[in-house]
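Quick notes on the structure that follows.
Since we're looking at a predicted model, the values are computed, not measured.
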Amino acid sequence: MRLIKLMLAASVAVCALASCNKQETTPQANRLKSVEVSLENVILTKGLAGDKIKAGDAVQVNDIKIFLTDAAGNEYEAKVRDGSAAAQSYFDVVPEETIAFHYVDPNCTKVVAVANLGKDITYAEYKALAPLQIANQQDAKALVLYDEATLTSTSREHNDPNVDGTTYLAPVYEAKLTLTPRVSRFEVDGFTVKFSEEPLYNEIKITQLAFMNYYDKTTVVEGTESDLTAAPVDFLDQAAVYTWLDNGETAWYRDSFDITITPEDNVKDTPEPLAYHMFSCAETPVMLIKLLADGQPAYLYTKGFYKTDGTEITEFEEGKIYRMNAKGETEDDGNIPFDDTDIDPMDRCLEITVEVVDWAVELVYPEF
């Protein structure tokens, strides 16, 4: 299964119009448009990607549907170059030949592109899409992506030879879109414990990682969040926290495992890399870690996320990966670090430092 990257300045456009072929016949002036569409930062593939996303990787796209519209939401059709058939608007592989949008109504002023919504979605269905639910946006290989752009005029023209024997002269318009998910991604590969010179514990067993305080829904087009699932407990109420952690609920926002860390073996990976998607917003999600310190139950929770320069992150951005990392470290290890001194029944907060990079990777280190 071939993997094809489409990138603007450095690569190939997903949808570009056929180049103009000069004809010997005299062109007929025509107000119909030819439209060129370029998509940035897209991987169009049916192959599998790894669970851990590398810095600089594009968000995966399995299929793209393109709509030609105006500001009022009216949809317009396009033809192939000779006007004999409708132009293709759905793509699940990059075609070997250049795709052309010709004979477009002059009232068309905008291009809309959606991805990973399937071949059969219509423009009417797209406009009526229900808000996305975060539980359904956890697969990085199947995120709903969207962008739209207004057509801009170019100085170029197309000579389009029609099946009627006439060559039509059409002004060329273009639009550039960047398909973007509505989520931020939090990645965790494991845990690193910094023990004191005289360790406070002989063994720390980490048994659960969970998130609270996130939006359940967002709209596809505007990205307007709704239904905040606020933290359901007071973090100083230990009984309430343990009740929530131990309720046995299976959900996208929590994982259970059994990782034992000792002063002699203080770095451990989770059984598999973990990732959690949140709708991007100004709300700060809360991460909880449940553990046993020498057999005694304990937990830690985040009171903030910070970049490696110490700046607090107050807004989580779409298409950003927030990868856990130790403060001051540049290695892309994805581990959550904390000191054994952070395990304190009177102060269970931890600060997470996050390094943000484009869909790609943001190193995040937790400070406890």
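How far OH of Tyr90 is from CD1 of Ile121: 11.0 Å, rounded to the nearest 0.5 Å. Considering OG of Ser184 and NE2 of His277, their distance stands at 9.5 Å, rounded to 0.5 Å.
In this structure, the ring of Phe186 has its center less than 6.0 angstrom from the ring center of Phe305. Note: Tyr242 and Tyr299 meet the aromatic proximity criterion, with ring centroids under 6.0 Å apart. Less than 6.0 angstrom separates the ring centroid of Phe316 from the ring centroid of Tyr322. Checked against the 6.0 Å centroid threshold, Phe279 and Tyr215 do not count as a close aromatic pair.
Within 6.0 Å of NZ on Lys127 lie more than 12 heavy atoms contributed by other residues, nucleotides or ligands. Within 6.0 Å of CD on Glu77 lie no more than 12 heavy atoms contributed by other residues, nucleotides or ligands.
Side-chain N or O atoms of Ser84 include none that pairs as donor or acceptor with a backbone N or O of Asp82 at under 3.5 Å. For the pair Arg182 (side chain) and Glu225 (backbone), a donor-acceptor distance under 3.5 Å is absent. No side-chain donor-acceptor contact under 3.5 Å links Thr284 to the backbone of Gly304. A donor-acceptor pair under 3.5 Å links the side-chain atoms of Asn266 to the main chain of Val193, judged by distance alone. In terms of modelled atom types and a separation under 3.5 Å, the side chain of Ser256 and the main chain of Gln208 share no donor-acceptor contact. Distance alone, capped at 3.5 Å, is enough to place a donor-acceptor pair between the Thr302 side chain and the Met287 backbone. In terms of modelled atom types and a separation under 3.5 Å, the side chain of Asp216 and the main chain of Asp227 share no donor-acceptor contact.
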Test side chain to side chain contact (heavy atoms under 4.5 Å, CB included) on Val233 and Met212 and set out the steps.
CA-CA 9 Å; Val233 297; Met212 296 179 174; 3.7 Å; yes

Please evaluate residues Glu174 and Val172 with respect to the criterion side chain to side chain contact (heavy atoms under 4.5 Å, CB included), reporting the C-alpha separation (whole Å), side-chain torsions for both, the decisive distance (0.1 Å), and the verdict.
CA-CA 7 Å; Glu174 63 182 6; Val172 176; 5.7 Å; no

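The two residues Ile259 and Lys268 have their closest heavy-atom pair at CG2-CB, 3.3 Å. Between Asn335 and Pro337, the shortest heavy-atom distance links the atoms O-CD, 3.2 Å. Contact record, Tyr123 with Gly73: CE2-O, 3.0 Å, taken as the closest heavy-atom pair. Summarising the geometry of Glu317 relative to Ser280, their closest heavy-atom pair is C-OG, 3.1 Å, with the distance given to 0.1 Å. Closest non-hydrogen pair, Cys108 versus Leu68, comes out as SG-CB, 3.7 Å.
A heavy-atom distance below 4.5 Å is found between the side chains of Leu129 and Tyr126.
Both tests pass for Lys33 against the ring of Tyr173: distance under 6.0 Å to the centre and angle within 45° of the axis.
Checked by atom type, the side-chain pair Thr167/Asn159 shows no donor-acceptor distance below 3.5 Å. With hydrogens and angles left out, the side-chain atoms of Gln60 and Asn62 include a donor and acceptor closer than 3.5 Å.
Put simply, Phe195 and Val267 are part of two different groups of oily side chains (I, L, V, M, F, W, Y) that touch within less than 4.5 Å, one to the next. Clustering ILVMFWY residues whenever any of their side-chain heavy atoms sit less than 4.5 angstrom apart, transitively, puts Ile336 in a cluster other than the one holding Leu292.
Considering Tyr253, Tyr276, Tyr301 as possible partners of Phe211, the one that fulfils the ring-ring contact (aromatic ring centres under 6.0 Å, His included) test is Tyr276.
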